[in-house]
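Below: one structure, written as structure tokens.
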Amino acid sequence: MSPKKRARHYWLMKSEPDKYPFSALESEPSGKTMWDGVRNYQARNMMRDEMKVGDGVLFYHSNAKPPGIRGLAEIVTEGYTDQSAFDPDDAHFDPKSDPEKPRWVHVDISAIAPFNELISLQALKDNPRLDGMEVIRKGSRLSVQPVSEREWGEVLKMAGYKGKTSL
DNA sequence: GCCAACGTTGGC
DNA sequence: GCCAACGTTGGC
């Protein structure tokens, strides 16, 4: 029996454009960035246990005017130790993360392409086909969220996106 | 194990 | 700047 190939999974990842906009990811010299500094167990668990190379990412601008999805990215590594947790000078330093038993994990992501226009949070809320999508739920704070294949397709449709959907 | 206090997120 | 909705911490 040949092993069944895992279906592609989809995610939404938030970033504050004042700190790290989608354009910064696009202009990374290495073509990718370490998605480090996440200090939330649910988000960590998804990065550690569920994300696989090739998974699709909706790159979301939070704390923005307006907030919304800016473009597409892709997971390019599986989860590995977040070294920033050990650095006392890092904003996300965690004295409880022991290098012998690291607590925090991150993945690397690369940009696929920006949308021509931001798909605003309001536009997502206004689309009845996206009822139940996590990012539009009141109080939704998780910086890494699963996205269904249907939601992924619908967002691309809203964006009028005709480009490639994976690297 | 409960839960109040506190800190953070993030839309508005 | 406000505040609702969380997640975490720590006393008990």
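Every chain is numbered from 1, with letters handed out A, B, ... down the list of sequences. Everything numeric here is computed off the predicted structure, so don't read it as measured data.
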Between dG7(C), dT8(C), dG11(B), spot the one nearest the side chain of Gln42(A), thanks. dG7(C)
Roughly, in whole Å, what's the span from CG in Leu121(A) to P in dT9(B)? 18 Å
Separation of dT9(B) C1' from His92(A) NE2 (nearest whole Å): 13 Å
Where the side chain of Lys96(A) is defined as all heavy atoms beyond and including C-beta, which of dA4(C), dT9(C), dG11(B) is the nearest nucleotide? dT9(C)
Does a side-chain N or O of Lys138(A) approach OP1 or OP2 of dT9(B) to a distance below 4.0 Å, or not? no
Can you classify the ring geometry of Phe22(A) versus Phe59(A) as parallel (below 30°), tilted (30 to 60°) or perpendicular (above 60°)? perpendicular
In whole angstroms, the gap separating C1' of dC12(B) from NZ of Lys125(A) amounts to 9 Å
Check the distance between dG1(C)'s P and Asn63(A)'s CG and give it to me in whole angstrom. 14 Å
Just N and O in the side chain of Tyr60(A): are any of them under 4.0 Å from OP1 or OP2 of dT9(B)? no
Using the closest heavy atom to pick a nucleotide of DNA chain B for each, name whichever of Lys19(A) or Lys65(A) lands nearer the 5' end. Lys19(A)
Figure out the NZ/C1' separation between Lys14(A) and dA5(C), and round it to whole Å. 11 Å
Within-4.5 Å side-chain heavy-atom neighbours: Ile119(A) and Glu117(A): no
I need the CG-P distance between Asn40(A) and dG10(B), as an integer number of Å. 10 Å
Residue-phosphate contact under 4.0 Å: Arg141(A) side-chain N/O, dA4(C) OP1/OP2: no
Give the rounded distance in Å between these two atoms: CD of Glu134(A) and P of dC6(C). 9 Å
Please report, rounded to the nearest Å, how far the P atom of dG11(B) is from the CG atom of Leu142(A). 13 Å
